[in-house]
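Just below is one structure, and these are the notes that go with it.
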Amino acid sequence: MSDIRLRFAPSPTGYLHVGGARTALFNWLLAHKLGGTFILRIEDTDVARSTEESVNAILEGMQWLGLEWDEGPFFQSDLFPVYREYVQKLLEEGKAYRCYCTAEELEKKRELAMAQGGKPKYDGTCRDLSEEIPGKPYVIRFRAPAVGVTAFDDLVKGQISFNNEELDDLIIQRSDGTPIYNFTVVIDDATMKVSTVIRGDDHLSNTPRQILLYEALGFPVPRFAHVPMILGSDKARLSKRHGATSVMAYRDMGYLPEAMINYLVRLGWSHGDDEIFSREELVDKFTLEGIGKSAGVFNPDKLLWLNAHYIKNGDPARLAQLLLPFLRERGVEPAANAPDLDGVIITLQERARTMLELADGALFYYQSEVVYDEQAAAKQLTAAQLPNLVSFAKQLATGGDMTPAGIEILFKEFCVTQGIKMGQIGPSVRVALCGVTTSPAIYDVIAVLGKDETIRRLERAIDFITARA
RNA sequence: GGUCCCAUCGUCUAGCGGUUAGGACACUGGCCUUUCACGUCGGUAACAGGGGUUCAAGUCCCCUUGGGAUCACCA
């Protein structure tokens, strides 16, 4: 194990969304590629907004995607004493100070500054206070350098620099004594020996403040890699109004985790013209250099295409397991004697793009009383088809080879002896068996259904036609 | 508004000074086919604009424009 240490540090204020998932994925991939350690840390210093449900939702999302972590989950709420210790250290060294300004005062000053076209930064009122004010609530602020430049070489964006005068004295501890994100993230990344911080673009402007903090605390500064944002179709930051943003929502909509992983990794990262990557190939090929600099639009169509690809090429037995909940939702419990689910799935794989479509497509196999689509029945289950269906059922009863190939031969021979074309028997058999005019290849359907069930369904259709006539 | 970041087909992207600017999704035409699909062959479609540097610029520099991020006792 190398000393490469990566982390994903979500705040538990909601589910795992696709942007967070991609950040987690990049961290996971790099950790696995370099033989490093992947840490999961829950940033729950904001007690008011953090919830246990969110924690669970995030863990569930990570697990579904197969992004297992090597260390953690650590909770920042468990580490408050550690943060206090470092705040104290800064205070003693004069690198932090008590600020007695109230939130209301600060808010007023900000508004005033904005109204006058100025910068809404802290004016330093308490920066040089010599005395403590007993009994008055205070926050702790970091004493940032007023001049100079803070620069860093971002692994994605390249050289970035900020003038320190743009940065103000950020609060590191609230008046209730709890620490604030920009401080805890530095303490944790330093004490957890994180070597590279891969995170969203939205943290870019926090980085110089954090670097200043690392330096004040005497910690080595990690490497940073800021990955671009994910946008919606209108190029605005991806949000619910663009559609589902929760990773688990995609599972529920019938998406496979490998499709989601493959889609996410290609949104912002590339390896030449390659599009399809197995988990192993990703670990092998992933590099930070492959990450692009610009924000990308989330494209549901491409995700759908990838999902279709993975369903088409997936192992039927595994798909069967994943399909079970979707079938149960539809009132189907594939029993041992019902059509073999693996076989059912094989006939459906290349025409289902989601597990939802797969489940819907599998339904007719398990309905003993197929519901005939009205238009399909009107066209294909008529008195004109009756003789052919009757003879075909008879013919089938004598048939031996019930493989798709054998059934195809049986059909062909039937057509020859009857002097008809495939189009005169195929469609009505299809409706008799499936109830609709679109279905898997009819030979495959018969093979899966088996001779007895096929004949039963044919006879039912014959009865249906007779009853109608 | 200040600061920071970004800019190749509608979308994701390849390109790392000399290419007929390539691939993928989507769209679309043909083929395959008993249905629907799959597959396969083809097509439409991009270097935001303007200045430089260079024998040569999508590739390097500057400006403009456009987009995004961020400016909390949130993370």
Side-chain angles (χ1 to χ4, degrees), chain A residues 9-13 43-46 48-50 76 99 101-103 106-107 110 113-115 117-121 137-141 154 156-158 160-163 165-168 170-182 184-185 199-208 226 228-229 231 233 235-237 263 266-276 289 292-306 308 312 348-353 361 376 380 408 411 415 421-431 434 436-443:
Chain A
S11 71
T13 53
E43 311 236 317
D44 58 350
T45 52
D46 187 343
R49 297 201 312 155
S50 301
Q76 291 191 318
C99 171
C101 300
T102 65
L106 293 170
E107 182 61 28
R110 254 197 305 275
M114 287 285 249
K119 298 173 187 177
K121 58 179 273 191
Y138 60 86
V139 300
I140 309 286
R141 281 185 190 271
D154 192 276
V156 172
K157 304 277 190 177
I160 295 174
S161 68
F162 291 80
N163 283 331
E165 58 190 287
E166 298 297 336
L167 282 18
D168 56 2
L170 70 258
I171 294 171
I172 57 177
Q173 188 178 95
R174 298 184 182 86
S175 49
D176 66 1
T178 58
I180 276 184
Y181 166 73
N182 271 308
T184 59
V185 72
R199 78 221 310 191
D201 221 345
D202 48 337
H203 290 277
L204 200 60
S205 57
N206 284 327
T207 308
H226 287 96
M229 300 277 88
L231 311 176
S233 50
K235 306 260 184 148
R237 192 182 188 140
Y263 177 70
R266 277 289 288 110
L267 215 196
W269 175 84
S270 61
H271 183 272
D273 285 336
D274 299 348
E275 292 289 350
I276 306 290
E289 290 69 43
K293 293 180 174 190
S294 46
V297 173
F298 187 86
N299 181 189
D301 277 338
K302 189 153 185 180
L303 171 60
L304 185 60
W305 172 74
L306 279 165
K312 203 177 307 157
L348 261 9
Q349 273 178 294
E350 60 190 26
R351 52 205 104 214
R353 295 175 301 175
Q380 302 298 160
E408 180 172 1
F411 259 99
C415 286
K421 299 234 194 247
M422 188 56 113
Q424 291 171 266
I425 178 69
S428 40
V429 171
R430 181 187 313 285
V431 175
C434 314
V436 290
T437 50
T438 69
S439 80
I442 197 69
Y443 315 130

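Computed from a prediction, not measured in an experiment: that's the story for all the values here. Order of the sequence lines sets the chain letters (A, B, ...), proteins ahead of strands, with each chain counted from 1.
- Residues A/V185 and A/Q76 approach most closely at N-NE2, 4.1 Å, considering heavy atoms.
- Projected onto RNA chain B by closest heavy-atom contact, A/G426 and A/V297 fall at different nucleotides, the more 5' of which corresponds to A/V297.
- Searching all strands for a Watson-Crick or G-U wobble partner of B/C4 with both distances below 3.5 Å returns B/G68.
- Nearest to the side chain of A/D46, among B/U35, B/C74, B/C4, sits B/C74.
- Put simply, CG on A/D154 is 10 Å from P on B/C5, counting in whole angstrom units.
- Contact of the A/T207 side chain with the A/R199 side chain is registered, since non-hydrogen atoms from C-beta on lie closer than 4.5 Å.
- At a threshold of 4.0 Å, the pair A/R49-A/D44 does not count as salt-bridged, since none of the basic side-chain nitrogens sits closer than that to a carboxylate oxygen.
- Counting distance only, with no hydrogens placed and no angle test, the side-chain atoms of A/R351 and the base atoms of B/C38 include no donor-acceptor pair under 3.5 Å.
- Between the NZ atom of A/K121 and the P atom of B/A72 there is a distance of 12 Å, given to the nearest Å.
- Rounded to whole angstrom, the span from the CZ atom of A/R110 across to the P atom of B/C73 amounts to 5 Å.
- Taking the P atoms as reference points, B/C62 lies 27 Å from B/C71, given to the whole Å.
- Distances from the side chain of A/I180 to the nucleotides B/U35, B/A75, B/U11 place B/A75 closest.
- A straight line from NZ of A/K421 to C1' of B/U33 spans 15 Å, rounded to a whole angstrom.
- Residue contacts for A/T438: at a heavy-atom cut-off of 4.0 Å it reaches a base atom on one of the strands shown.
- Between A/D202 and A/R237 there is a salt bridge, since a side-chain N of the basic residue sits under 4.0 Å from a carboxylate O of the acidic one.
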With 3.5 Å as the limit, what N/O pairs link the protein to nucleotides 22-30 of chain B?
from: B/G22; atom 1: N2; to: A/D273; atom 2: OD1; distance (Å): 2.5
from: B/G23; atom 1: N2; to: A/R266; atom 2: NH2; distance (Å): 3.4
from: B/G23; atom 1: N2; to: A/E275; atom 2: OE2; distance (Å): 2.9
from: B/A24; atom 1: O4'; to: A/E275; atom 2: OE2; distance (Å): 3.4
from: B/C25; atom 1: OP1; to: A/W305; atom 2: NE1; distance (Å): 3.3
from: B/C25; atom 1: O2'; to: A/K302; atom 2: N; distance (Å): 3.4

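- Contact annotation: A/S294 does not reach the phosphate of B/C5 (side-chain N/O to OP1 or OP2, under 4.0 Å).
- Relative to the side chain of A/R49, the nucleotides B/U34, B/A75, B/G39 differ in distance, and B/A75 lies closest.
- The closest side-chain heavy-atom distance from A/I160 to A/L204 is below 4.5 Å.
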query: For A/L306 and A/R353, what are the C-alpha separation, side-chain angles and deciding distance, and is it a side-chain contact (heavy atoms from CB on, under 4.5 Å)?
result: CA-CA 9 Å; A/L306 279 165; A/R353 295 175 301 175; over 6 Å; no

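- The minimum heavy-atom distance between A/G292 and A/V156, with the atom names listed, is O-CG1, 3.7 Å.
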task: Scan nucleotides 58-70 of chain B nucleotide by nucleotide, 5' to 3', and note B when protein non-hydrogen atoms come under 4.0 Å of the base, S if they reach only the sugar-phosphate, - if neither.
output: ----------SSS

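- Atom C1' of B/C9 sits at a distance of 26 Å from the matching atom of B/A69, rounded to the whole Å.
- Counting to the nearest Å, the C1' atom of B/C73 and the CG atom of A/L106 are 9 Å from each other.
- For A/E166, the side-chain atoms get nearest to B/G2 when compared with the rest of B/U13, B/G2, B/A75.
- Considering only residues two or more places apart in sequence or on other chains, A/T45 meets the side chain to side chain donor-acceptor pair (under 3.5 Å) condition with none of them.
- Ring geometry for A/F298 versus A/Y263: interplanar angle over 60°, hence perpendicular rather than tilted (30 to 60°).
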